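Okay, structure first, notes after.
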Number of protein chains: 2
Amino acid sequence: MKVAYELVNARREKLAQMLQDQAYIPISNVCAQLNISEATARRDLAYLEANQRIVRTYGGALVEYNQKFPSFLERQQVELKGKKKLGKVARDLIIPKSTCFFDAGTTIYALAIELKQKPVEGVKIVTNSLPIAELMTGVQGIEVHLLAGQYLHRQGVIFGEATIKTLRFYDIDDAFMSAEGFDQKGLWNSDATVVEFQRQVIRQSSRKVFCLGAEKMGKRAPVFLSDWGNVNVLISDAISSDLPVYSQAQFKGKIFSI
Amino acid sequence: MKVAYELVNARREKLAQMLQDQAYIPISNVCAQLNISEATARRDLAYLEANQRIVRTYGGALVEYNQKFPSFLERQQVELKGKKKLGKVARDLIIPKSTCFFDAGTTIYALAIELKQKPVEGVKIVTNSLPIAELMTGVQGIEVHLLAGQYLHRQGVIFGEATIKTLRFYDIDDAFMSAEGFDQKGLWNSDATVVEFQRQVIRQSSRKVFCLGAEKMGKRAPVFLSDWGNVNVLISDAISSDLPVYSQAQFKGKIFSI
DNA sequence: CTATATATGACTGAAGTCAATCATAAAATT
DNA sequence: AATTTTATGATTGACTTCAGTCATATATAG
């Protein structure tokens, strides 16, 4: 029988934690500890592998990725399913041989996961997110470029004056970004430095694609990022008619409501 | 048939190394890589487990060492005692609150390990090496800055046009570098792009510190990097009198021979 | 409230892993 | 040189893991 998403996610999270602690657990043991069938245990492992959290081996799984970016993974867990949907839609917008900027954050990370599973030929990805860089590197036909700046360990992000300066070296076709909140007035984020950086991205990109989960609708964050005039594409899983952009004459972009 | 002890030990040592590098190897793969039967492979694994070198799991084995030091570069370093010596000397040259450039490569990585164990207050490290960045990040009192550019996964290095350009953003006090060979004429490296980058580092740094293992003495690599005039400090474990710098009038630096 | 989507457990055959046994050939010992 | 030791490969049967299929119950969406 079907089970609530929350329970499933919680269980998988627990499994990931177990693997972190114990490094190796026989499948039979997983079943016993989580009170699930072998089939479900395997499905959970497959899921964690698909999300790059673990590497499966015959008879077990290795956890390599996780210790690197602790707080990043914590955040990744919220609204995971919605983000995956947004990511799939965004992925299909990527044009072969284009240069794309990938914003730091879990929403765009979900896009990166989708892109890795179904790569687009000759794409050059510019990012200041190390998790995204590590995820995408080595993928056939994809080039990863990191921006310069101070390396902030906990978030796995590169930031600072140099980050904005280095952005100018690149000619961005599509920028895939997110924000912490959005309403009638526009987009909001929590940190002034982040906003300053994002504004530079907006200035330099031909097309601005924003991926905004429904949970962010109607919310404001401390710093105003931009009005809707700068948004070329809006991807959201909020109910279409509720989106605040319809009342905005300035908005001339395209909407993907899913 | 029986086989000489040396051969057996050498093979088991190799297997241990393989496990350290690859973390997990199917038994079939072990057989193929070492040209031995499955039975022998199992016996070797059992031996290594008995000696507390590895922990066997169903279908593979885990190396304890792995969990402590996730970066495989770091593992490579363990045996190279010469580099550790150089690193210790170099570390003591680092001045509090200075900005240091750390070259990519194992020699300077060894220096980074020493610095991590005994940090210098308020130092800012600029590097294009991701292993070094990951190693040093989070260390109390130390700031890590990454240069921009294409992320080359295999070497864990950031490189390209942008790397040289971003270097200009920084005001480097001390540059800690290495090379693949050195002789009377000066320093040599194998890759033209690397050399171009290193020359920019030399131009921009107040003090140039070169760490050169004895094994590199007298050797040349395809591309000429610099004569001895640019070297402010030379650290080497080669016999002092053999060093090629004494015959060079242009060399006005300091020598640490250990 | 109805219809759809999906998370689950049971079952399957195929494939991988394991420990144990045995004969053999080469090293090590005497 | 003769004897002992032992490292090896082949073989066996038991066990574990794995991916796939299917029916079912329930959460979720409309």
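Just so we're on the same page: letters track the sequence lines, and every chain starts at 1. Values below: every heavy atom of this structure, side chains too, minus hydrogens, waters and symmetry copies. Computed from a predicted structure; not experimentally measured.
For B:E38, the salt bridge (charged side-chain N to carboxylate O under 4.0 Å, His left out) test picks out B:R42, with sequence neighbours left out. In this view, A:F210 satisfies the ring-ring contact (aromatic ring centres under 6.0 Å, His included) rule with no residue, not counting sequence neighbours. The salt bridge (charged side-chain N to carboxylate O under 4.0 Å, His left out) check on A:D174 picks up A:R207, with sequence neighbours excluded. Every residue two or more places apart in sequence or in another chain that forms a side chain to side chain donor-acceptor pair (under 3.5 Å) with A:T40 is listed here: A:S37. Contacts of B:R11 classified as salt bridge (charged side-chain N to carboxylate O under 4.0 Å, His left out), with partners at least two apart in sequence or in another chain: B:D44.
Separating the CZ atom of A:R43 from the C1' atom of D:dC22 is a distance of 11 Å, rounded to the nearest angstrom. When the C1' atom of C:dT6 is taken as reference, atom NZ of A:K85 falls 13 Å away, rounded to whole Å. Distance A:L7 CG to D:dA25 C1': 15 Å, rounded to the nearest Å. Taking atom CD1 of B:I36 as the reference point, atom C1' of D:dA10 lies 15 Å away to the nearest angstrom. Remark: C1' of D:dC18 and CD of A:E38 are 8 Å apart, rounded to the nearest angstrom. Atom CG in A:D44 sits roughly 13 Å away from atom C1' in C:dG9 (whole-Å rounding). Rounded to an integer number of Å, the gap from OH of A:Y47 to C1' of C:dA7 is 13 Å.
Considering only side-chain N and O atoms, B:R42 lies nowhere under 4.0 angstrom from the phosphate OP1 or OP2 of D:dA10. The phosphate of C:dG9 has OP1 or OP2 within less than 4.0 Å of a side-chain N or O from A:T40. The side chain of A:R11 places an N or O atom within less than 4.0 Å of a non-bridging phosphate oxygen (OP1 or OP2) of C:dT8.
Exactly one residue among A:L93, A:I95, A:L115 makes a side-chain contact (heavy atoms from CB on, under 4.5 Å) with A:V120. That residue is A:L115.
Comparing the end axes of the helix from C:dC1-D:dG30 to C:dT30-D:dA1, each fitted to five base pairs by superposing C1' atoms of four pairs onto the next four, gives an inter-axis angle of 50° (nearest 10 degrees).
Sequence order on DNA chain D of the closest nucleotides to A:A39 and A:I27 puts A:I27 first from the 5' end.
The ring of A:F102 has its center no closer than 6.0 angstrom to the ring center of A:Y170.
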